[in-house]
Every structure is written in C-alpha cells, then in structure tokens.
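Please read the structure below before turning to the comments.
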Number of protein chains: 2
Amino acid sequence: MTVSRSIRNPDQVSDTLRDRIRAALDELGYIPNRAPDILSKSKSHAIGVLLPSLTNQVFAEVIRGVESVLEPEGYQTMLAHFGYSKEVEEKRIETLLSYNVDALIISDSVHTPKAQKMLENAGVPVIEIMDSTSSSPLHIIGIDNCAAARDMTQTMLDRGHRNIVFFAARMDTRTLQKIKGYQQAMAQNGLKTVVKETEKASSFSLGAQFLDEILQEHPETDGIICTNDDLAIGAIYACQKRNIRVPEQIGMAGFHGLDIARAMIPLLATVITPREEIGRLAAKNIIQCLNGQPPQMQTVQLDYKIECGESIRSNK
Amino acid sequence: MTVSRSIRNPDQVSDTLRDRIRAALDELGYIPNRAPDILSKSKSHAIGVLLPSLTNQVFAEVIRGVESVLEPEGYQTMLAHFGYSKEVEEKRIETLLSYNVDALIISDSVHTPKAQKMLENAGVPVIEIMDSTSSSPLHIIGIDNCAAARDMTQTMLDRGHRNIVFFAARMDTRTLQKIKGYQQAMAQNGLKTVVKETEKASSFSLGAQFLDEILQEHPETDGIICTNDDLAIGAIYACQKRNIRVPEQIGMAGFHGLDIARAMIPLLATVITPREEIGRLAAKNIIQCLNGQPPQMQTVQLDYKIECGESIRSNK
DNA sequence: TGTGGTAATGTTAACGTTAACAGAACAAAA
DNA sequence: TTTTGTTCTGTTAACGTTAACATTACCACA
C-alpha cells in the first residue's frame, strides 16, 4: 500500500521511504499493472476508436485529431479497424468494450442488430463521426457528405461538364450519401447518372482501372467525381497515359483534399474536409461526457470547402 | 460458474440450461469482461504493435500483415504510435506492457535507457521489425536498408546520374541506414554526397519544397534518391512545374513502392520492400514463441527489389 | 511523564472470471 | 433397494491494485 501511495500521492510518504521505494522500483523495472484497477473500477482510461480502415489516409488524420486531445488528458487511444465489414465491426465493438474502454468513437451508422444493442447498452459515451446526416440516435460529429457531393457536382455542371460519372469504391454510409448528392444535382439538371462501384478499397490503381472501363462503357463521359482523392488521381494518370486532356476533355474531382491532391499537376479539384477537426471535436466531446458535463449538441455539422483546382474547367 | 462454462465449454453444460443461459445473455446484452482474466493469468490475448507513425502508408501495410496472422489465431492487435519521439516511445512501451500484452512488435533499435530496460525485462517476446542491420539483441525481421539504398544509388550511377542528392526526412534508424548506403555507393565512385534533412515527416509537399531548395543550393544536381516515395513524387511534381524533365535533367528514385508510385507518370524508380511480409513474419514468429517453440533464427533478412520505372535514365 | 495531534504506515475488502476441486443428480447395474 | 459411475452444477480462491478505514510512530507541549 505504501508503494502504491508513493506512486499516486508521493507527498503522503516520507522522503526517506519514498526514495528507497523509487530506487527499488527502478532496480526492478517495475511497471504498474492496469488490470486490477480496470477490474475494480471498470475504468481503463482508454478510449476505443473504431474505424473502417487504417490504410485510408483520411482516417489517419482523424486519429491524429483524436489523440491531440486525449493524450494531454491522460487517456490512451485504443485503435481498432474492421475493413468495412459489419460482422468484423461487431466483433471489434465487443472486444473494445470487453477491455472496459471508457468511451467509444465509431464511424458508421449502420450496424448488425447485436452491435446496435451493444452500443446502446455500452454504459459509456458513444460518438459517431464522419457523416452528419446519420439517423442514429448517438451523438454525431461530421460533415454533410450528401450536400458536399451535390455542391461539387453542381460546380462541375456550372463549368460545362455534362456527362458526369461517379466513381465509388467500398459502399459505406458516406459513399452512399455522396452518391445521393451527386444524383440530386444531376436530376435537378435533367441529366442521367452513372455510378461505378466495387467491393474493393479505393486506390490509385482502382481509379486508373475505372477510367479505362468507363471509356469503354460511356465514351461520352466528360466529367468524373470520385468518392476519394486517390481514385481521382489514379484516373488522371490513366488520362495522361491515353493523352486525354484534363480538364478539357474530362474534368476530374476528388474528395477530402489529401496532401498529394494539393501538390500535384494539375491541382486536383476536391472537397476539403475537416478530418482532424472531426477527431478533435469527438475527443473533446468525450472528455466532457466523462467529466460529467452532458455535451450541448446532439449533432455537430462541420463545414467542408469546395476547392476547384485545375482538374475541372475554369469558370467562364 | 455454469455460465462461464456454457461460454467456454458448451458441451459440459446440459442442453436445457445452455439454452436458458444463452437466452439470458442475449437479453442482457452480456459482454464478457476481460480484466479479471488478464489479472489472474497475466495474459491479455493482445499483441502490442508500436510504430513510429500511422500516417505513413508503409506502416499501414505492416499492420495489415500482422493482423492477417494474429486475427485467425484469436489475438487482438493493440496499436500504438510514437511520432518518432523516443520519449513518447518509452511511455507507449510502458502503457502496452501495463495492459499485459502477450508480446510486443517494435520498429526501432534505439531507445531510451529506461525503455531498453523495460524491453529486456518485459517477460514477453519482443520482436524488432523493419531494419535487419540493427545491432539490438532482439529478434529482428526486416530488410537491409543500407544495401537497398546503395544498390539504388549504384543503379542511378550506372545510368549516368552523377550529382546525386539524398532527400531524407525524419531521421530514424532506417533513414540513417539508407543514407549510409547512399554514401558508400557515392564514395566508391569518388563522388561527394549531399543530404537534405528535416525533423518533419516526409510528405508530397516536403518533396516539392526540398526540390526547390536543392535547385538553389546545388543547381548541378542531376539525380535524387529519397527515403520515401512521397518525397520523390512531390519532387517530380515540382520538376514538372518548373519544366525540368525527369529523368533527362534530374533522375528521381523513391523507396517502398507504394501503390501510387506504380500508377503515376512517369513510373517511379523505387525500392520495393516486403512490408506486408515483414508484418506477417513478425506475427508468425510471435505465435511460435507463445506456443513454446523458440523461433529458429535471430535475424530474418528479407529481399527488396530495385524497380527502375521511368524516372531514372534508361540503361544504355 | 503523560497527553493530544498529526504524519506515516498497515490492513482489509472489492472488482469478475475461471481452474481446481467438491458435491449433487440421475441412470444403469447388481 | 443399494451401489457404482457418469454427467451436470456449485464453491472457493486467486490474480494486483487502491479506497477506506485502522493502527502506529513521532513530536510538541503541558
């Protein structure tokens, strides 16, 4: 007990003893065991973060935002990912809760029934991030992906692109929202829609592959809007290979505003999303909950920004 | 106890009772608590993976390799990262061990003295990954970064590049090894070396910035070898902006062979590294250790592949 | 010398699960 | 009916830490 005290409340232990204890701990290389404390208090001082993928640059930045807040507060981030599979997500939720995480940050609104139930009964704060249009009863922090895609499509339409195609990849909630926004904008202008989709994750090479395919299937295509920057960039490379001029022949727009999109040639048209801010806000919200203050708002909707770059036609 | 048994050894419980128990668990949304088991057995069935960064694509693929092996074996991956700071690394090692991870995968050979001691006394298998030339006493799985950089430099020299500069970023062990290899190759050809470095992480925009700077500082530069593909790609964009022809005026080589490097124009010269394989092998090794079989080899050195692409001059 | 008070150290129980053992229930054979 | 054996269910203790309470040590002052 005295040892425990000399670590937690050093001033309650006499100087001599404290020094002897510290020396002994150093010599032994003692590392406190968190299991008993977690067991007796059901508090792990760890926050679970459950994301679809770590490979996706977008989520890496969300994590950075989360940790920038949790770290100074003394909370450990416990990362898990589920590869866009609802079944794996269910398992991950169970695992995180079984480790007694003090709160959970998740990134999708559609779950298996069992997962849904676990989230409801978790007994710890749960926050859903990324898409603000979600209908889930949880606290939500994100952007309006539907509106963002609609805006971007309208921007391309305004600049003379007509036969615009949507490149999707993994069909998660957010991508479905983007497709909806794209379809709304096209419908408003009386144009028909074409969506390329796959079960595979988005990547540069998938973008290139999609471009090759769409030229076969819809040679009239003069604009493409992608669910992620990497698809758009891969597609631009494929255009360059085939001597298709971007944006004159085909306009190209991405989503998220990754570092490369803002360094490449032509500069990519893209929707800049506040990924790090989403992570930061989610973490702040959780800290508030854990400190007993109920968060003010059910849903926090952040702004996105349409960046026109050089890969869509310029405004006449 | 019967409940516990009906979960772990269902056939030891009568059918009726098992069904009643299952119904009750379902209704309650019961999630087993791992803390007591961790406490009493000092086994968490979780493996700690400690990487410098999650933002770096390279490590995302290592993680995929690790999980592809651990997941089917029923082990949970517990990810942590330390942003290239040895002090943070020390804290992370302590945290992971305090959660009773059953083994540790780390990715650097230089640690604080305290971290070093913790690793020695961890009482669980520790494997160091990424660089096989490490002098640490741990089990090591990686590639020879020094030889890889030397080979790539020599390849560029063979193809007529002379004033080759090295673009580094975060100065971790691996980057230092690459610089060493570059310097060896240059010295063998009686050429002088120039290394650009920074504390910042590598990125596309950093590559562009480095290129602008090197043109000022060393206008005679006719070749660049980078510690990571993103630097090289950023530098190529900067060249395109300035109408510098790659590879005619400046040859450019990256490291790792990321997806984009193999889709872009010009195809990037790069060293293709077996990142996923490193993760897989490390995980397999750990499973072996945990099953009581001592692993065969102290150090496993994997092969890399020099990919010449189109961003260095072609062989005459 | 004793008394009162404070500072320092010690004791106990609790957290939830499971291994190991103990006991009960039941069926088949004597 | 009792005995034997098997199948099922119950009891206990252990894991390491810390909150809460209990005790001891020490010093100042009467």
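Letters A, B, ... are given to chains in the order of the sequence lines, protein chains preceding strands, and every chain is numbered from 1.
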Whole angstrom value for the distance that separates C1' of D:dT17 from CG of A:Asn9: 14 Å

Integer-rounded Å distance: D:dC8 C1' and B:Asp11 CG: 12 Å

Axis deviation across the helix from C:dT1-D:dA30 to C:dA30-D:dT1, five-pair ends, to the nearest 10°: 60°

Flag if over 12 foreign heavy atoms under 6.0 Å of NZ, A:Lys200: no

Any residue of residues 90-99 of chain B with a heavy atom less than 4.0 Å from an atom of DNA chain C: none

Phosphate OP1/OP2 of C:dG16 contacted by B:Ser4 side-chain N/O (<4.0 Å): no

Nearest-0.5 Å distance that lies between atom OG1 in A:Thr299 and atom CG in A:Asp131: 10.5 Å

Ring pair (Phe, Tyr, Trp, His ring centres under 6.0 Å) partners of residues 43-64 of chain B, not counting sequence neighbours, each pair once: B:His45-B:Tyr75

Ion pair check, B:Asp172 and B:Arg174, cut-off under 4.0 Å: yes

Value in whole Å for how far the C1' atom of D:dA20 lies from NZ of A:Lys41: 12 Å

Residue pairs, two or more places apart or on separate chains, that pass side-chain hydrogen bond (donor to acceptor under 3.5 Å, both in side chains) and touch residues 27-37 of chain A: A:Asn33-B:Asn100, A:Asp37-A:Lys41

Given A:Leu97, A:Thr95, A:Leu96, the one that forms side chain to side chain contact (heavy atoms under 4.5 Å, CB included) with A:Ile93: A:Leu97

Where do N or O atoms of nucleotides 10-14 of chain C meet protein N or O atoms at under 3.5 Å, pair by pair?
{"from": "C:dG10", "atom 1": "OP2", "to": "A:Thr2", "atom 2": "OG1", "distance (Å)": "3.2"}
{"from": "C:dG10", "atom 1": "N7", "to": "A:Arg5", "atom 2": "NH2", "distance (Å)": "3.1"}
{"from": "C:dG10", "atom 1": "O6", "to": "A:Arg5", "atom 2": "NH1", "distance (Å)": "3.2"}

Run the side-chain donor-acceptor check on residues 120-128 of chain A: report pairs under 3.5 Å with partners two or more places apart or on a different chain.
{"from": "A:Glu128", "atom 1": "OE1", "to": "A:Ser134", "atom 2": "OG", "distance (Å)": "3.4"}
{"from": "A:Glu128", "atom 1": "OE1", "to": "A:Ser136", "atom 2": "OG", "distance (Å)": "2.9"}
{"from": "A:Glu128", "atom 1": "OE2", "to": "A:Ser134", "atom 2": "OG", "distance (Å)": "3.0"}

Given DNA chain D, 5'-ward residue of the pair B:Asp15 and B:Ser42, judged by closest heavy atom: B:Asp15

Partners passing salt bridge (charged side-chain N to carboxylate O under 4.0 Å, His left out) against A:Lys284 (at least two apart in sequence or in another chain): none

Beyond-backbone contact of B:Ile105 with B:Val62, side-chain heavy atoms, under 4.5 angstrom: no

Pairing residues for A:Asp144 by the side chain to side chain contact (heavy atoms under 4.5 Å, CB included) criterion, not counting sequence neighbours: A:Ser132, A:Thr133, A:Cys146, A:Ala147, A:Gln301

Nucleic acid contacts - residues 30-37 of chain B versus DNA chain C, non-hydrogen atoms under 4.0 Å: B:Tyr30, B:Pro32, B:Asn33, B:Pro36, B:Asp37

Contacts of type salt bridge (charged side-chain N to carboxylate O under 4.0 Å, His left out), residue B:Asp15, not counting sequence neighbours: B:Arg18

Atom-pair distance (NZ on A:Lys43; P on D:dT18), nearest Å: 15 Å

With A:Glu67 via salt bridge (charged side-chain N to carboxylate O under 4.0 Å, His left out) - residues at least two apart: none

Donor-acceptor pair between A:His256 and A:Thr273 side chains, under 3.5 angstrom: yes

Those residues that, when tested against A:Glu276, pass salt bridge (charged side-chain N to carboxylate O under 4.0 Å, His left out) (two or more places apart): A:Arg64, A:Arg280

Between C:dT17 (P) and A:Ile38 (CD1): distance, integer Å: 14 Å

Atom-pair distance (CD on A:Gln12; C1' on D:dA25), nearest Å: 17 Å

Protein-nucleotide distance (B:Leu39, atom CG; D:dT18, atom P), rounded to Å: 12 Å

